[in-house]
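All chains are named by letter (A, B, ...) in the order of the sequence lines, taking the proteins before the strands, and each is independently numbered beginning at 1. A quick note: this is a predicted structure, and the numbers were derived from the prediction, not measured.
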Amino acid sequence: MLDIKRIRQDKDQVIELLSRRGGEYPIEDLLKADERRRELLAETEKIKAEQNRVSKQVPVLKKEGKDTAELFEQMRFLSDKTKELDNQVRLCDEQINEWLLGIPNTPNKDVAVGRDETENVEIRKWGAVPQFDFEPKAHWDLGVALDILDFERAAKITGSRFTMFKGLGARLERALINFMLYTNTTEGGYTEISPPFLANRKSMTGTGQLPKFEFDMFGLKEPDYFLIPTAEVPLTNVYRDEILPEEALPVKLTAYTPCFRAEAGSAGRDTRGLVRNHQFDKVELVKLTHPEASYDELENLTKDAERILQKLNLPYRVIELCTGDIGFCAAKTYDIEVYMPSYNRYVEISSCTNFEDYQARRTNLRYRDGDGKVKFVHTLNGSSMAVGRTIAALIENYQQADDSIRIPDALVEFMYGTTEIKAGK
RNA sequence: GGAGAGAUGUCCGAGUCUGGCCGAAGGAGCAUGAUUGGAAAUCAUGUGUACCCUAACCGGGUACCUAGGGUUCGAAUCCCUAUCUCUCCGCCA
């Protein structure tokens with residue numbers, strides 16, 4: 001969430017930055033409630049101070065054998081008064097908090113201003129788009145033909161937007177996970193975590209999925225847990241409510257988890273194949289950094305993610321999301337898009353974001369600075385990679401004229417030496 | 001699932017029976033200073049967070065002893081609920 005003090009002090013700037021997202025937020029109402037809260041607080045604290053002062057005298061008076069009945073009568077009045085005021089303060093707090101949780105992060109001031117994804121900015125391109133001397137197939141056709149993907153039976157087991165991987169397809173998925181984790185933990189220097197795949201409401205609120213996007217989550221009836229939509233949730237919450245020593249920064253974590261998304265707003269989009277499923281595997285990167293280092297760390301994080309595609313030799317481009325397209329909690333985001341022949345364009349496969357202190361405030365995740373002060377860290381995350389989309393990209397970019405799929409060199413050892421996937425194998 | 005025990009500051013740990021002077025003893029750690037050629041050891045001092053008032057990171061105030069309620073003039077201390085941890089039993093990958 002945003003810092004209420006910052007909203008108070010730099011109201012115009014906050015409103016201006018938020019307006020770049022397109023959308024209106026109850027800043028004025030918030031400030032009015034905040035002012036009211038402080039008035040009430042001053043009043044109640046004054047009474048409480050009086051109560052405390054008198055209370056301290058009670059044992060003294062009793063020792064002297066004096067009658068306290070009248071005093072208690074007055075105190076009872078004050079006590080009722082504070083209860084009433086406390087209640088009003090609590091109502092203010094709840095309202096303020098509700099508003100704050102519903103206001104997105106301010107985009108970084110240098111992020112390109114734009115309405116929607118059409119105004120995103122291409123930063124760089126890597127690799128050559130494959131040229132086929134035959135008609136390339138979409139992964140949902142080729143994968144089924146090779147009997148490594150099965151959408152129909154997955155739908156039978158569960159429903160639409162689920163995929164079953166079979167044989168070398170299942171091995172390919174597992175190989176990619178291992179390859180990604182191996183690369184991240186060795187060259188990347190990240191610490192591997194294997195977290196819970198269910199998260200409670202507090203964790204989900206900390207990273208910003210709740211309260212606003214509950215409709216897009218799969219939740220359990222009892223207990224009040226949610227299937228994680230990304231490893232960002234458990235990883236960013238690892239150190240929630242903690243104060244880290246400055247030397248511990250940056251904290252660099254990586255994890256493989258399945259991800260579960262209701263895709264509530266995506267009816268009719270990407271209905272075929274692996275691009276948009278209710279369940280998909282992903283290897284995630286999360287960094288907790290010193291505030292001054294977070295933008296450098298975002299560049300590094302993005303390069304860490306790109307490294308995976310480079311090793312797999314998959315063509316991609318990096319784009320900077322404009323203010324109208326960045327996520328709710330984000331201050332700045334680079335998307336990495338892999339070339340997908342069936343779409344005849346680049347498709348998002350990773351999203352690398354600096355949240356600045358927005359999530360850190362929600363998760364109360366702080367560090368002790370060199371001057372002894374406690375401050376909020378900056379949080380970042382990025383996918384490295386979404387495994388399902390990586391498989392789709394591999395199938396399509398590595399397909400051969402005979403309908404076989406070549407396995408990228410970097411992946412062969414993780415495939416137990418398998419170098420190609422062919423029909424009938 | 002059944003029975004019991006517990007949760008206190010950065011950590012360890014008193015206090016809880018017998019509610020008040022307990023933001024909380026003591027120790028460790030850490031910081032600063034003294035001592036030293038330098039270090040260790042020793043000694044001295046200091047050492048939570050959030051919010052409010054204030055020009056102020058000076059000062060004052062309020063809250064916080066897992067969380068949320070309750071009793072009371074007053075709660076770390078009494079009562080209720082939840083969560084988590086531990087022990088035993090049962091069940092189980």
Checklist outcome for this item: Out of B/rC51, B/rU72, B/rU49, minimum distance to the side chain of A/K83 belongs to B/rU72

Checklist entry - Counting only Watson-Crick or G-U wobble pairs whose two distances fall under 3.5 Å, which nucleotide matches B/rG33? => result B/rC43

Next on the checklist: Can you tell whether the side chains of A/K156 and A/E152 come within less than 4.0 Å, N to carboxylate O?
Outcome noted: no

Next on the checklist: So, applying side-chain hydrogen bond (donor to acceptor under 3.5 Å, both in side chains) with A/S351, which one of A/T333, A/N381, A/D335, A/T302 is it?
Outcome noted: A/D335

Checklist outcome for this item: Rounded to whole Å, CZ of A/R366 lies from C1' of B/rG48 at a distance of 10 Å

Item to check | Phosphate OP1/OP2 of B/rU62: any A/N52 side-chain N/O under 4.0 Å | outcome: yes

Checklist entry - Checking all strands, does A/R37 fall into the base, sugar-phosphate, or nothing category for heavy-atom contacts under 4.0 angstrom? => result sugar-phosphate

Next on the checklist: Is the ring pair A/H278/A/F162 parallel, tilted or perpendicular, if the boundaries are 30 and 60 degrees?
Outcome noted: tilted

Item to check | Heavy-atom donor-acceptor pair, A/R20 side chain to A/N108 backbone, under 3.5 Å | outcome: no

Next on the checklist: With a cut-off of less than 4.0 Å, is there a side-chain N or O of A/R368 near OP1 or OP2 of B/rG48?
Outcome noted: no

Item to check | Under 3.5 Å: donor-acceptor pair, side chain of A/E320, backbone of A/A112 | outcome: yes

Next on the checklist: At 4.0 Å (heavy atoms only), tell me whether A/R361 reaches a base, stays on the sugar-phosphate, or touches nothing.
Outcome noted: nothing

Checklist outcome for this item: Mate of B/rG23 across any strand shown (Watson-Crick or G-U wobble, both atom pairs under 3.5 Å) is none

Checklist entry - If you measure from the C1' atom in B/rU66 to the same atom in B/rU83, how many Å do you get, rounded? => result 8 Å

Next on the checklist: Tell me which nucleotide, if any, is Watson-Crick or G-U wobble paired with B/rA5 when both distances must be under 3.5 Å.
Outcome noted: B/rU85

Item to check | Touch class at under 4.0 angstrom, heavy-atom based, for A/V374 against every strand present | outcome: sugar-phosphate

Next on the checklist: Tell me if a side-chain donor or acceptor on A/T44 pairs with a main-chain N or O of A/L41 at a distance below 3.5 Å.
Outcome noted: no

Next on the checklist: On RNA chain B, does the nearest nucleotide to A/Y225 precede the nearest nucleotide to A/R38 from the 5' side, or the other way round? Give the residue.
Outcome noted: A/R38

Checklist outcome for this item: Sorted by chain and number, sequence neighbours left out, side-chain hydrogen bond (donor to acceptor under 3.5 Å, both in side chains) with A/N105 holds for none

Checklist outcome for this item: Closest to the 5' end of RNA chain B, once A/V58 and A/K5 are matched to their nearest nucleotides, is A/V58

Next on the checklist: Less than 3.5 Å apart, any donor N or O on the side chain of A/R161 or A/S266 sitting next to an acceptor on the other?
Outcome noted: no

Item to check | Those residues of residues 231-252 of chain A lying under 4.0 Å from RNA chain B by at least one heavy atom | outcome: none

Next on the checklist: With the threshold set at under 4.0 Å for non-hydrogen atoms, list the residues of residues 68-81 of chain A touching RNA chain B in residue-number order.
Outcome noted: A/F72, A/M75, A/R76, A/S79

Checklist entry - Is it true that A/K48 and A/D86 have a side-chain N and a carboxylate O under 4.0 angstrom from each other? => result yes

Item to check | Euclidean distance for C1', B/rU42 against B/rU35 (whole angstrom) | outcome: 8 Å

Checklist entry - Is A/D216 salt-bridged to A/R261, cutoff N-O under 4.0 Å? => result no

Checklist entry - So what does A/K56 touch, heavy atoms closer than 4.0 Å: a base, only the sugar-phosphate, or nothing? => result nothing

Checklist entry - If we call it a pair only when both distances are under 3.5 Å in a Watson-Crick or G-U wobble match, what pairs with B/rU71? => result none

Checklist entry - Which value, in whole Å, describes the distance between the P atoms of nucleotides B/rC22 and B/rU62? => result 16 Å

Checklist entry - Applying a 3.5 Å limit to both distances, which nucleotide forms a Watson-Crick or G-U wobble pair with B/rA63? => result B/rU49

Next on the checklist: Measuring only the P atom in each nucleotide, how far is B/rG69 from B/rA75? A whole number of Å is fine.
Outcome noted: 14 Å

Next on the checklist: Both distances below 3.5 Å, Watson-Crick or wobble geometry, any strand: find the nucleotide opposite B/rA14.
Outcome noted: none

